[in-house]
Amino acid sequence: MDYRASDVEKKWQAFWRVKETFKAHDYSEKPKFYALDMFPYPSGAGLHVGHPLGYIASDIVARYKRHKGFNVLHPMGYDSFGLPAEQYAIQTGQHPAETTRKNIKRYRQQLDQIGFSFDWSREVRTSDPNYYRWTQWIFLQLFDSWYDESAQQAKPIEELILHFQRYGTQDLHASCGSEFQFTPEEWDGFDDAARENILQNYRLAYRTESTVNWCPALGTVLANDEVKDGLSERGGHPVVQKKMMQWSMRITAYAERLLQGLDQIDWPESLKEAQRNWIGRSAGASVHFQLQNHPDQIEVFTTRPDTIFGVSFMVLAPEHPLVAEITTAEQASAVKAYQEQAARKTERDRLADVKTVSGAFTGAYALHPFTGEEIPVWIGDYVLASYGTGAVMAVPAHDSRDWAFAGHFDLPRPEVIEGGNIKQEAYEAKEGKVINSDFLNGLEVQEAIPRAITQIEEKGLGQGKINYRLRDAIFGRQRYWGEPIPIYYVNGLPRRVKEEHLPLELPEVSAYLPTEDGEPPLARATVWNYHPEKGVVANGEGYPLETTTMPGWAGSSWYDLRYMDPGNPDQFVSPKATEYWKDVDLYIGGSEHATGHLLYTRFWHKFFVDRGYTSAEEPFKKLINQGMITGTSAFVHRNEKGVMVSADLRKDHKTTKIHADVSLVNASDELDVEGFKAWRDDLSQAEFLNHEGRFLVSREVEKMSKSKYNVVNPDDIIVEYGADTLRMYEMFLGPLEQSKPWNTAGITGVHNFLKKLWRLFHQGGNWNLTDEEPTEKELKILHTLIKKLNEDIEAYSFNTSVSAFMIAVNDLLYAKCTKQAVLEKLPVLISPFAPHIAEELWGKMGHVESIAYEPYPVHEEKYLVESKHKYPISFNGKMRFTYELPLDLAKAEVEETVLSLEKTQHYLEGKSPKKVIVVPGKIVNIVI
RNA sequence: GCGGGUGUGGUGGAAUUGGUAGACACGCUAGAUUUAGGAUCUAGUGCCGCGAGGCGUGAAGGUUCGAGUCCUUUCACCCGCACCA
């Protein structure tokens, strides 16, 4: 009786669906376990074998935890807003919702075939109005909140207004765009517009004129994490800097907590490091330099206040607001020219041009806060407007960028820290004695820093300060296919849409492109006004609604919470649900989300806690990055005459290589020549040069992608081998976190294993289990396996568990074991990995319930104890032979026995041993 | 430049606190069985050598009775950040 995967798997998938086997219980006496995958964007291409890797791993853990008595939440859904559906809509006119629906259907079919134990009753789709109504609701909560830095907590905006009414800005410590100062009386006197403009400065979701990454090709603004090397992450289009009025999120308020929280979560070190880097905390001081003959001061941030006596000039960013005010008449044209030149540069040019020093002198001077010396003020594009205060105090002797700038413009480089050769390069190390620095002289750098800060504070020149590289996140996108922002405008002032009018559904538009005058697609909608009583109304009957939409990360920043309580019509998630499910115990997904999704999600969760909606600040306790599965591309070689040359003959020819579709190549690298000719029109007449009738291709490992014709579809694998084989093979490929090439050839090994497992229960041709007592040996095989599996699954080492199964099944087959007492444990053991065959064997053993909740076996140590050990006998550390001895033999007896062996005498070559090392139960080493 | 990671057979990869390097699987070789097979079974397979034996975990040193594992130096590749004051 052969094992037929396709029949068995369909049957059990239907069984699970009908019986709702994997439905998580909202409230349970059992302990909870929440296993989550990063939900996919449903693209038109469908899944390839790389995508399910992480899903299989989390499914194994989810199923294992069910066997271990946990109430498991293992949901799946779709991150279904996004660019591809919209671009497809632009090309074809098909509504993105329609494309998305189709793609989701296909994804669901593919996922179902793999036999995941998802609780589909909890599915979420970010583009579903019932879901994004709550994304919009969250936006309103952020809009209605400010960040109290004294309490380190977000609070309702009403409290801030109350503070303004009572105290003005006195004693206010709030995260804000710029510092305001006013009295309660002044606040009273402000009109609505003035008040709202002030509040915008404090709201966590706010509008501001900011420099944004504008991508003309995509027609939208991009967040910093969506730009790589000056190009858009999606599509690789150029990105330029542009000033625009934009919705933003005040994530910077949470910089410190986002940093601190990293110490409490079990994430890959590289990922935490990426977030630390992105947040970019640096401690130092903010110092004010008084301008000469000018009322203003220049504020700088420095991490090296100990070098303040080494300042010989200052540099402002070209965009710095003071530049226009302080530039002298003589320098005006040079400064203006430089500013224009800097503005013209794209982000990419600027990055590519790091080495070139450029700048211009403003003609103005600042006064040194301690010495009163005149310090020339320059502008230069190495100073970034977006970091710190957009101005630096230049210490050319101890900062390499300042050093280069000074060299280029022939400015002095006074040395203030001993230890380097500042003629050759800047001495940047934070060690050495301070010199030429008045009250700091003689101190070590580490002593001088706090001393300098104290002195700066005492003289009222500034204060110690922590600076962060993290920028507020731009939230608006000039796109159609995203969540509408629930804001309308009264005389240009933003007002919140009432909660009763949510969801604010996407309007119909005539086209998905921006308008002629560059407005976002939503500006094309004819029913896109808001009436505070009636909700959305036709244009002209109410106030204009916001036309930008939310970015991709909005919906994905809280989906983990919605799974806990997916149908709730009254709340985004109920306190009762979060109290039970708390947080995600295991989150698996790609490392590319390090500074995007994973950071924003942490931000929103901290906000939810602040406002009392949830209790867990960190959404993902444990996170694993699954490695990428790369493709094994196939290449056909073509010589100068256009003849195709078999790979084994290509040394004799000058050839170029062309990609061949991997489906045209078998496991032995032989090309299906007829198939290849039919594959592309231009190849139909091709000639082929080979010998012995085998035409070979060469192989190379590349990223799996359509354009490289190396995509392997899980559906094809399942048709040929079944889902259980696919699941186990993906795990068998190697450690989960490592990236590794897919090679379909190796899959037969895993498939054979499953067939062997099946055969183990059908020895002699039919179902064959006996009641005999198991032997010691058989029990040892079984319990070795049980022990290994429990350890491996807890350690997420799934590749080694597959090996352990193979060893056990090989051994049991060799021992011709047919004993029920041993074999009946195997289906449960393998159920997390190969659930279909497990259910089938379990059913054949006479069970009617699913195997999914059977207790997972636990090994008994007594079956593993050994009485003997095969000692490796080595000489000078080199193993020569093994010899079996009882384990209870004393050290001296072992030594004596081993030395008396004939073989030992042979290797001693007549010499007497200098020393004999005996490690009981391990080894014997004889030193000659 | 800074930070993180990885280097083991023809291939994917195994190796408790330092204790038999190469488990398991692919591929390959030979044989059995079969009408045939990409099915099944048996034996072999790190490299060099007829053999005894020697050499072997990117490279070079070191610690140790003993090193893939610990230490120092170094090379290669991958990923992230990058004028962050």
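The structure displayed is predicted, hence computed values, not measured ones.
A straight line from CG of A:Asn467 to P of B:C83 spans 16 Å, rounded to a whole angstrom. Atom C1' of nucleotide B:C81 and atom CD1 of A:Ile279 are separated by 14 Å, given to the nearest angstrom. The nearest whole Å value for the distance from the CD atom in A:Glu299 to the P atom in B:A85 is 16 Å. For the pair A:Leu757 CG and B:U40 P, the computed distance is 14 Å after rounding to whole Å. Straight-line distance from the CD atom of A:Gln275 to the C1' atom of B:G4: 14 Å, rounded to whole Å. Rounded to an integer number of Å, the gap from A:Ile449 CD1 to B:A85 P is 12 Å. In this entry the distance linking CD of A:Glu592 with P of B:C81 reads 12 Å, nearest Å. We find that CG of A:Asp811 is positioned 9 Å from P of B:C24, with the value rounded to whole Å.
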| Which dot-bracket string fits RNA chain B when only Watson-Crick or G-U wobble pairs with both atom distances under 3.5 Å count, crossing pairs get [ ], and | stands for a partner on a different strand? | (((((((..(((......[....)))((((((.......))))))(((....)))..(((((..]....))))))))))))....

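Counting heavy atoms of neighbouring residues, nucleotides and ligands inside a 6.0 Å radius, atom CD of A:Gln905 exceeds 12 of them. Within a 6.0 Å sphere centred on CZ of A:Phe875, other residues, nucleotides and ligands contribute more than 12 heavy atoms. Taking a 6.0 Å sphere around CD of A:Gln424, one finds it holds 12 or fewer heavy atoms contributed by other residues, nucleotides or ligands.
One finds the CE atom of A:Met628 at 6.0 Å from the OG1 atom of A:Thr630 (value rounded to the nearest 0.5 Å). For the atom pair A:Lys816 NZ and A:Asn768 CG, the distance stands at 12.5 Å (nearest 0.5 Å).
A:Lys755 comes within 4.0 angstrom of the backbone, heavy atoms only, and of no base. A:Arg759 comes within contact range of the sugar-phosphate backbone alone, with a heavy-atom separation under 4.0 Å but no base atom that close. Residue A:Arg880 is in sugar-phosphate contact alone, with no base atom involved, counting any heavy-atom pair closer than 4.0 Å across all strands shown. A:Asn810 comes within contact range of the sugar-phosphate backbone alone, with a heavy-atom separation under 4.0 Å but no base atom that close. Using a 4.0 Å heavy-atom criterion, one finds that A:Glu269 contacts no nucleic acid atom at all. Here A:Ser282 lies in heavy-atom contact (under 4.0 Å) with sugar-phosphate atoms only.
Under a 4.0 Å N-O distance rule, the pair A:Glu269/A:Arg276 qualifies as a salt bridge. Between A:Glu791 and A:Lys788, none of the side-chain N atoms (NZ, or NE/NH1/NH2) sits under 4.0 Å from a carboxylate O, so this pair counts as no salt bridge.
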| query | Can you give one letter per nucleotide of nucleotides 8-20 of chain B, going 5' to 3': B for a protein heavy atom under 4.0 Å from the base, S for sugar-phosphate only, - for none? | reply | ----BSSS-B-BB

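No hydrogens or angles considered: nothing links the side chains of A:Ser591 and A:Asn625 as a donor-acceptor pair under 3.5 Å. A:Asp472 and A:Thr252 share a donor-acceptor pair across their side chains, judged by distance under 3.5 Å alone. Looking only at atom types and distance, the side chain of A:Thr800 has a donor-acceptor partner in the side chain of A:Ser797 under 3.5 Å away. Looking only at atom types and distance, the side chain of A:Glu299 has a donor-acceptor partner in the side chain of A:Ser286 under 3.5 Å away. Using modelled atom types and a 3.5 Å distance limit, the side chains of A:Thr307 and A:His398 yield no donor-acceptor pair.
Between A:Gly749 and A:Lys915, the one whose closest nucleotide on RNA chain B sits nearer the 5' end is A:Gly749. Position along RNA chain B of the nearest nucleotide to A:Tyr814 versus A:Leu271 favours A:Leu271 as the more 5'-ward residue.
Residue A:Arg469 places none of its side-chain N or O atoms closer than 4.0 Å to OP1 or OP2 of B:A85. Taking 4.0 angstrom as the limit, A:Asn876 places none of its side-chain polar atoms (N or O) nearer than this to OP1 or OP2 of B:C65.
Between B:C24, B:G4, B:C81, one nucleotide has an atom nearer to the side chain of A:Ile807 than all others, and that is B:C24. The listed nucleotides are B:A25, B:C26, B:G4; the one nearest the side chain of A:Thr748 is B:C26. Closest approach to the A:Glu273 side chain among B:C26, B:G3, B:C24 is made by B:G3 (side chain taken as heavy atoms from C-beta onward).
Rounded to the nearest Å, the gap between the P atom of B:U63 and that of B:G4 is 29 Å. Rounded to the nearest Å, the gap between the P atom of B:U11 and that of B:C47 is 11 Å. Nucleotides B:U57 and B:C70 place their C1' atoms 16 Å apart, quoted to the nearest Å. Of the P atoms belonging to B:C55 and B:C28, the separation is 33 Å, rounded to the nearest Å. When the C1' atom is compared between B:G49 and B:A43, the two are found 23 Å apart, to the nearest whole Å. The separation of B:U6 from B:U69, taken at their C1' atoms, amounts to 15 Å, rounded to a whole angstrom. As rounded to the nearest Å, B:G44 and B:G12 have P atoms that lie 25 Å from one another. Rounded to the nearest Å, the gap between the C1' atom of B:A21 and that of B:G13 is 13 Å.
Side-chain atoms of A:Glu720 and base atoms of B:G38 include a donor and an acceptor less than 3.5 Å apart.
In B:G9 the O4'-C1'-N dihedral to the base is within 90° of 0, which defines a syn nucleotide.
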